[in-house]
Protein chains: 2
Amino acid sequence: MSDDVAAPPAFQVPDGYEILDWRRGFGRQIGPLYRKHDANGLSSMAFRVEEYHTNGMLNAHGGMLMSFADMSWGHVISVETSSYWVTVRLTVDFLSSARLGDWVEGASELLSKEDDLYVVRGRIWSGDRTLITGSGVFKPIAKRDPRPGEKAYKAP
Amino acid sequence: MSDDVAAPPAFQVPDGYEILDWRRGFGRQIGPLYRKHDANGLSSMAFRVEEYHTNGMLNAHGGMLMSFADMSWGHVISVETSSYWVTVRLTVDFLSSARLGDWVEGASELLSKEDDLYVVRGRIWSGDRTLITGSGVFKPIAKRDPRPGEKAYKAP
(Lines give C-alpha, C1' and ligand atoms only; values in the text may rest on other atoms or scores of the structure.)
Protein backbone atom coordinates (compact mmCIF):
# COMPACT_ATOMS: atom_id res chain seq x y z
CA MET A 1 0.00 0.00 0.00
CA SER A 2 2.74 2.42 0.96
CA ASP A 3 4.30 1.85 -2.42
CA ASP A 4 1.34 3.66 -3.97
CA VAL A 5 2.95 6.88 -2.82
CA ALA A 6 5.52 6.72 -5.59
CA ALA A 7 3.31 5.09 -8.22
CA PRO A 8 2.11 7.09 -11.22
CA PRO A 9 -1.37 8.47 -10.64
CA ALA A 10 -4.14 6.34 -12.17
CA PHE A 11 -6.40 9.31 -12.87
CA GLN A 12 -6.49 12.40 -15.02
CA VAL A 13 -4.64 15.21 -13.25
CA PRO A 14 -6.67 18.42 -13.68
CA ASP A 15 -5.35 20.95 -16.19
CA GLY A 16 -2.42 23.02 -15.12
CA TYR A 17 -1.35 20.90 -12.18
CA GLU A 18 2.09 19.31 -12.10
CA ILE A 19 3.22 16.66 -9.67
CA LEU A 20 5.75 17.72 -7.03
CA ASP A 21 8.69 15.37 -7.11
CA TRP A 22 9.32 15.25 -3.37
CA ARG A 23 11.65 12.34 -2.81
CA ARG A 24 12.10 12.27 0.92
CA GLY A 25 10.64 13.02 4.32
CA PHE A 26 7.08 13.77 5.28
CA GLY A 27 6.25 15.40 1.95
CA ARG A 28 6.95 12.13 0.14
CA GLN A 29 5.20 10.07 2.78
CA ILE A 30 1.86 11.85 2.39
CA GLY A 31 2.24 12.66 -1.33
CA PRO A 32 2.00 12.95 -4.18
CA LEU A 33 1.05 16.62 -4.06
CA TYR A 34 0.54 18.82 -7.10
CA ARG A 35 1.06 22.51 -7.85
CA LYS A 36 -0.45 24.86 -10.40
CA HIS A 37 0.50 28.36 -11.52
CA ASP A 38 -2.24 30.09 -13.46
CA ALA A 39 -1.72 32.61 -16.26
CA ASN A 40 -1.29 35.38 -13.68
CA GLY A 41 1.38 33.45 -11.80
CA LEU A 42 -0.93 32.67 -8.88
CA SER A 43 -0.30 29.27 -7.36
CA SER A 44 -2.35 26.63 -5.62
CA MET A 45 -1.63 23.08 -4.52
CA ALA A 46 -3.69 19.90 -4.70
CA PHE A 47 -3.84 16.19 -3.93
CA ARG A 48 -6.18 13.32 -4.64
CA VAL A 49 -7.59 11.55 -1.57
CA GLU A 50 -6.08 8.04 -1.58
CA GLU A 51 -6.71 5.19 0.86
CA TYR A 52 -3.60 6.13 2.83
CA HIS A 53 -5.03 9.62 3.47
CA THR A 54 -8.28 8.43 5.03
CA ASN A 55 -9.79 7.96 8.47
CA GLY A 56 -12.17 5.17 9.51
CA MET A 57 -15.02 6.81 7.59
CA LEU A 58 -13.02 6.82 4.34
CA ASN A 59 -12.85 10.61 4.44
CA ALA A 60 -9.58 12.51 4.23
CA HIS A 61 -8.13 12.44 7.75
CA GLY A 62 -8.11 15.77 9.59
CA GLY A 63 -4.37 15.38 10.05
CA MET A 64 -3.86 15.04 6.30
CA LEU A 65 -5.96 18.13 5.64
CA MET A 66 -4.01 20.11 8.25
CA SER A 67 -0.69 18.92 6.81
CA PHE A 68 -1.92 20.01 3.38
CA ALA A 69 -3.08 23.36 4.81
CA ASP A 70 0.37 23.91 6.28
CA MET A 71 2.08 23.17 2.96
CA SER A 72 -0.33 24.93 0.60
CA TRP A 73 -0.87 28.02 2.76
CA GLY A 74 2.78 28.42 3.72
CA HIS A 75 3.79 28.32 0.06
CA VAL A 76 2.97 32.04 -0.17
CA ILE A 77 6.01 32.66 2.04
CA SER A 78 8.24 30.77 -0.41
CA VAL A 79 6.91 32.94 -3.23
CA GLU A 80 7.10 36.24 -1.35
CA THR A 81 10.48 35.80 0.27
CA SER A 82 12.29 33.05 -1.64
CA SER A 83 13.00 31.53 1.75
CA TYR A 84 12.44 28.33 3.60
CA TRP A 85 10.01 28.96 6.43
CA VAL A 86 8.64 27.54 9.63
CA THR A 87 5.07 27.54 10.92
CA VAL A 88 4.48 29.61 14.05
CA ARG A 89 0.73 29.16 14.44
CA LEU A 90 -2.02 27.51 12.45
CA THR A 91 -5.76 27.60 13.05
CA VAL A 92 -8.09 25.44 11.00
CA ASP A 93 -11.88 25.28 10.97
CA PHE A 94 -13.31 22.10 9.46
CA LEU A 95 -16.47 22.80 7.46
CA SER A 96 -16.90 19.76 5.23
CA SER A 97 -15.20 16.45 4.52
CA ALA A 98 -13.43 15.07 1.43
CA ARG A 99 -14.15 11.52 0.27
CA LEU A 100 -11.79 8.90 -1.10
CA GLY A 101 -10.99 9.91 -4.69
CA ASP A 102 -11.83 13.61 -4.28
CA TRP A 103 -9.50 16.22 -5.75
CA VAL A 104 -8.60 18.65 -2.96
CA GLU A 105 -7.08 22.09 -3.58
CA GLY A 106 -5.60 24.70 -1.27
CA ALA A 107 -4.20 28.21 -1.39
CA SER A 108 -3.76 31.22 0.82
CA GLU A 109 -3.77 35.00 0.64
CA LEU A 110 -1.13 37.09 2.38
CA LEU A 111 -2.83 39.41 4.88
CA SER A 112 0.12 41.11 6.55
CA LYS A 113 3.83 40.99 7.15
CA GLU A 114 5.48 42.61 10.10
CA ASP A 115 9.08 42.07 11.09
CA ASP A 116 9.64 38.41 10.28
CA LEU A 117 6.05 37.22 10.71
CA TYR A 118 3.74 36.60 7.75
CA VAL A 119 0.02 36.18 8.37
CA VAL A 120 -2.12 34.44 5.76
CA ARG A 121 -5.77 33.51 5.36
CA GLY A 122 -6.22 30.15 3.74
CA ARG A 123 -8.80 27.90 2.22
CA ILE A 124 -8.97 24.20 1.31
CA TRP A 125 -11.68 23.15 -1.12
CA SER A 126 -12.93 20.34 -3.36
CA GLY A 127 -14.97 21.42 -6.34
CA ASP A 128 -17.37 24.05 -5.04
CA ARG A 129 -17.24 22.82 -1.42
CA THR A 130 -15.03 24.61 1.11
CA LEU A 131 -13.48 21.99 3.40
CA ILE A 132 -11.38 24.20 5.67
CA THR A 133 -10.90 27.89 6.31
CA GLY A 134 -8.25 29.20 8.64
CA SER A 135 -5.23 31.34 9.18
CA GLY A 136 -1.53 30.82 9.54
CA VAL A 137 1.49 32.66 10.89
CA PHE A 138 4.76 31.77 9.21
CA LYS A 139 8.35 32.90 9.63
CA PRO A 140 10.94 32.79 6.85
CA ILE A 141 14.31 31.32 7.76
CA ALA A 142 17.16 30.56 5.32
CA LYS A 143 17.05 31.93 1.76
CA ARG A 144 16.43 29.61 -1.19
CA ASP A 145 16.42 30.00 -4.97
CA PRO A 146 13.83 32.55 -6.10
CA ARG A 147 10.71 31.34 -7.89
CA PRO A 148 10.34 33.62 -10.92
CA GLY A 149 6.88 34.10 -12.36
CA GLU A 150 4.97 33.08 -9.24
CA LYS A 151 2.70 35.37 -7.30
CA ALA A 152 0.89 34.93 -3.99
CA TYR A 153 -2.66 33.71 -4.37
CA LYS A 154 -5.70 35.89 -3.76
CA ALA A 155 -8.10 33.42 -2.17
CA PRO A 156 -11.64 33.61 -3.55
CA MET B 1 11.65 3.69 2.91
CA SER B 2 7.89 3.53 3.20
CA ASP B 3 8.20 -0.07 4.30
CA ASP B 4 9.73 1.19 7.52
CA VAL B 5 6.23 2.15 8.61
CA ALA B 6 5.35 -1.45 9.33
CA ALA B 7 8.78 -2.60 10.49
CA PRO B 8 9.39 -3.37 14.16
CA PRO B 9 10.93 -0.38 15.94
CA ALA B 10 14.71 -0.54 16.23
CA PHE B 11 14.79 1.28 19.55
CA GLN B 12 13.70 0.82 23.13
CA VAL B 13 10.08 1.91 23.49
CA PRO B 14 9.78 3.89 26.75
CA ASP B 15 8.11 2.10 29.66
CA GLY B 16 4.37 1.79 29.57
CA TYR B 17 3.91 2.59 25.87
CA GLU B 18 2.35 0.04 23.55
CA ILE B 19 2.33 0.24 19.78
CA LEU B 20 -1.02 0.97 18.12
CA ASP B 21 -1.70 -1.63 15.49
CA TRP B 22 -3.32 0.65 12.93
CA ARG B 23 -3.43 -1.33 9.71
CA ARG B 24 -4.95 1.10 7.26
CA GLY B 25 -5.45 4.69 6.23
CA PHE B 26 -3.62 7.79 7.36
CA GLY B 27 -2.91 6.40 10.84
CA ARG B 28 -0.88 3.58 9.33
CA GLN B 29 0.78 5.88 6.80
CA ILE B 30 2.28 8.20 9.43
CA GLY B 31 2.73 5.58 12.15
CA PRO B 32 3.66 3.74 14.17
CA LEU B 33 2.10 5.62 17.06
CA TYR B 34 2.12 4.43 20.68
CA ARG B 35 -0.23 4.81 23.63
CA LYS B 36 0.28 4.66 27.37
CA HIS B 37 -2.15 4.44 30.26
CA ASP B 38 -0.58 5.25 33.60
CA ALA B 39 -1.56 3.74 36.95
CA ASN B 40 -4.39 6.27 37.25
CA GLY B 41 -5.79 5.39 33.84
CA LEU B 42 -4.61 8.65 32.27
CA SER B 43 -3.50 8.21 28.67
CA SER B 44 -0.99 9.85 26.37
CA MET B 45 0.27 9.04 22.89
CA ALA B 46 3.76 9.11 21.38
CA PHE B 47 5.85 8.52 18.27
CA ARG B 48 9.52 8.46 17.41
CA VAL B 49 10.60 10.95 14.72
CA GLU B 50 11.64 8.86 11.70
CA GLU B 51 13.01 10.06 8.36
CA TYR B 52 9.55 9.91 6.81
CA HIS B 53 8.27 12.41 9.43
CA THR B 54 10.83 15.10 8.69
CA ASN B 55 11.08 18.37 6.77
CA GLY B 56 14.14 19.62 4.88
CA MET B 57 15.84 20.51 8.18
CA LEU B 58 15.45 16.94 9.50
CA ASN B 59 13.02 18.17 12.13
CA ALA B 60 9.57 16.68 12.56
CA HIS B 61 7.39 18.32 9.88
CA GLY B 62 4.77 20.74 11.19
CA GLY B 63 2.14 18.69 9.38
CA MET B 64 3.19 15.55 11.25
CA LEU B 65 3.08 17.37 14.58
CA MET B 66 -0.38 18.73 13.78
CA SER B 67 -1.61 15.29 12.73
CA PHE B 68 -0.25 13.92 15.98
CA ALA B 69 -1.91 16.77 17.92
CA ASP B 70 -5.24 15.92 16.30
CA MET B 71 -4.93 12.24 17.21
CA SER B 72 -3.48 12.57 20.71
CA TRP B 73 -5.66 15.50 21.81
CA GLY B 74 -8.87 14.12 20.33
CA HIS B 75 -8.33 10.81 22.14
CA VAL B 76 -9.91 12.37 25.24
CA ILE B 77 -13.22 12.34 23.36
CA SER B 78 -12.90 8.59 22.75
CA VAL B 79 -12.31 8.07 26.46
CA GLU B 80 -15.06 10.42 27.66
CA THR B 81 -17.78 9.40 25.25
CA SER B 82 -16.82 5.99 23.81
CA SER B 83 -17.54 7.53 20.43
CA TYR B 84 -15.78 8.16 17.17
CA TRP B 85 -15.33 11.90 16.71
CA VAL B 86 -14.53 14.57 14.18
CA THR B 87 -12.36 17.64 14.58
CA VAL B 88 -14.21 20.96 14.38
CA ARG B 89 -11.35 23.37 15.05
CA LEU B 90 -7.70 23.02 15.96
CA THR B 91 -5.24 25.76 16.89
CA VAL B 92 -1.56 24.95 17.33
CA ASP B 93 1.31 27.17 18.48
CA PHE B 94 4.74 25.89 17.56
CA LEU B 95 7.27 26.58 20.32
CA SER B 96 10.17 24.22 19.62
CA SER B 97 11.15 21.57 17.09
CA ALA B 98 11.74 17.83 17.37
CA ARG B 99 14.78 16.23 15.74
CA LEU B 100 15.10 12.95 13.90
CA GLY B 101 15.07 10.18 16.54
CA ASP B 102 13.34 12.23 19.24
CA TRP B 103 10.55 10.62 21.27
CA VAL B 104 7.50 12.91 21.03
CA GLU B 105 4.52 12.68 23.40
CA GLY B 106 1.11 14.32 23.41
CA ALA B 107 -1.98 14.56 25.57
CA SER B 108 -4.85 16.90 26.27
CA GLU B 109 -7.08 18.02 29.10
CA LEU B 110 -10.82 18.38 28.71
CA LEU B 111 -11.81 21.99 29.42
CA SER B 112 -15.53 21.97 28.68
CA LYS B 113 -18.35 20.12 27.01
CA GLU B 114 -21.51 21.79 25.87
CA ASP B 115 -24.10 20.15 23.68
CA ASP B 116 -22.02 18.04 21.32
CA LEU B 117 -18.85 20.12 21.41
CA TYR B 118 -15.84 19.16 23.51
CA VAL B 119 -13.07 21.73 24.06
CA VAL B 120 -9.61 20.55 25.07
CA ARG B 121 -6.27 22.16 25.83
CA GLY B 122 -3.36 20.14 24.52
CA ARG B 123 0.37 19.85 24.67
CA ILE B 124 3.01 18.06 22.59
CA TRP B 125 6.42 17.58 24.19
CA SER B 126 9.76 15.79 23.92
CA GLY B 127 11.58 15.21 27.19
CA ASP B 128 11.29 18.49 29.07
CA ARG B 129 10.75 20.63 25.97
CA THR B 130 7.23 21.71 25.01
CA LEU B 131 6.93 21.57 21.20
CA ILE B 132 3.33 22.69 20.74
CA THR B 133 0.54 24.09 22.86
CA GLY B 134 -2.93 24.60 21.54
CA SER B 135 -6.61 23.87 21.76
CA GLY B 136 -9.10 21.73 19.93
CA VAL B 137 -12.84 21.50 19.48
CA PHE B 138 -14.12 17.99 18.78
CA LYS B 139 -17.55 16.52 18.18
CA PRO B 140 -18.48 12.90 18.93
CA ILE B 141 -20.33 11.03 16.19
CA ALA B 142 -21.12 7.28 16.19
CA LYS B 143 -20.71 5.25 19.38
CA ARG B 144 -17.89 2.70 19.69
CA ASP B 145 -16.89 0.11 22.29
CA PRO B 146 -16.18 1.70 25.67
CA ARG B 147 -12.59 1.88 26.92
CA PRO B 148 -12.71 0.66 30.50
CA GLY B 149 -10.01 1.88 32.86
CA GLU B 150 -9.04 4.94 30.85
CA LYS B 151 -9.39 8.50 32.08
CA ALA B 152 -8.90 11.82 30.36
CA TYR B 153 -5.46 13.29 30.86
CA LYS B 154 -4.76 16.30 33.07
CA ALA B 155 -2.09 18.07 31.07
CA PRO B 156 0.86 19.25 33.16
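Throughout, protein chains are lettered first and strands after them, A, B, ... in sequence-line order, and every chain is numbered starting at 1. Because only heavy atoms are used, hydrogens play no part in the values below, and waters and symmetry mates are left out as well, while side chains stay in.
No continuous path of ILVMFWY side-chain contacts below 4.5 Å connects B:Val86 to B:Phe68, so the two sit in separate hydrophobic clusters. The hydrophobic clustering, which links ILVMFWY residues whose side-chain heavy atoms are closer than 4.5 Å, places A:Leu20 and A:Met64 together. Connection of A:Val49 to B:Trp22 is established within a shared hydrophobic cluster, with ILVMFWY side chains joined at heavy-atom distances below 4.5 Å, either directly or through further cluster members. Under the 4.5 Å side-chain heavy-atom criterion for grouping Ile, Leu, Val, Met, Phe, Trp and Tyr, A:Leu111 is not connected to A:Ile124 through any hydrophobic cluster. B:Leu117 is not connected to B:Phe138 by any chain of hydrophobic side-chain contacts under 4.5 Å among Ile, Leu, Val, Met, Phe, Trp and Tyr, and they are in different clusters.
With sequence neighbours excluded, the residues satisfying ring-ring contact (aromatic ring centres under 6.0 Å, His included) with A:Tyr17 are A:Trp103. Listed by chain and residue number, nothing satisfies the salt bridge (Lys or Arg N to Asp or Glu O under 4.0 Å) test with B:Asp15 (two or more places apart in sequence, or in another chain).
B:Ser67 and A:Gly63 get closest at one heavy-atom pair: OG-O, 3.0 Å. Minimum interatomic distance between A:Glu51 and B:Gly25 (heavy atoms only, all atoms of both residues): OE2-N, 2.9 Å.
The only option from A:Val88, A:Leu90, A:Thr87 that meets the side-chain contact (heavy atoms from CB on, under 4.5 Å) definition with B:Val92 turns out to be A:Leu90.
For a residue to count as touching a neighbouring chain, one of its non-hydrogen atoms must lie under 4.5 Å from one of that chain's; by this rule B:Asn55 touches chain A with the backbone only. Looking at A:Ile141, the atoms closer than 4.5 Å to chain B (heavy atoms on both sides) all sit in the side chain, from C-beta outward. Neither the backbone nor the side chain of B:Val137 comes within less than 4.5 Å of any heavy atom in chain A. Neither the backbone nor the side chain of B:Leu65 comes within contact range of chain A, judged by heavy atoms closer than 4.5 Å.
Ranked by heavy-atom pairs under 4.5 Å with chain A, the list B:Leu100, B:Thr91, B:Leu95 is led by B:Thr91.
Taking 4.5 Å as the limit, some side-chain heavy atom of B:Thr54 sits within range of a side-chain heavy atom of A:Arg24. Looking at heavy atoms from C-beta onward, B:His53 lies out of side-chain contact with A:Gln29 at the 4.5 angstrom threshold. Residues A:His61 and B:Ile30 are not in side-chain contact: their nearest non-hydrogen atoms beyond the backbone lie 4.5 Å or more apart.
Listed in order of number, the residues of residues 126-134 of chain B that approach chain A to under 4.5 Å between heavy atoms amount to none.
For residues 60-70 of chain A, no pair satisfies salt bridge (Lys or Arg N to Asp or Glu O under 4.0 Å), with sequence neighbours left out.
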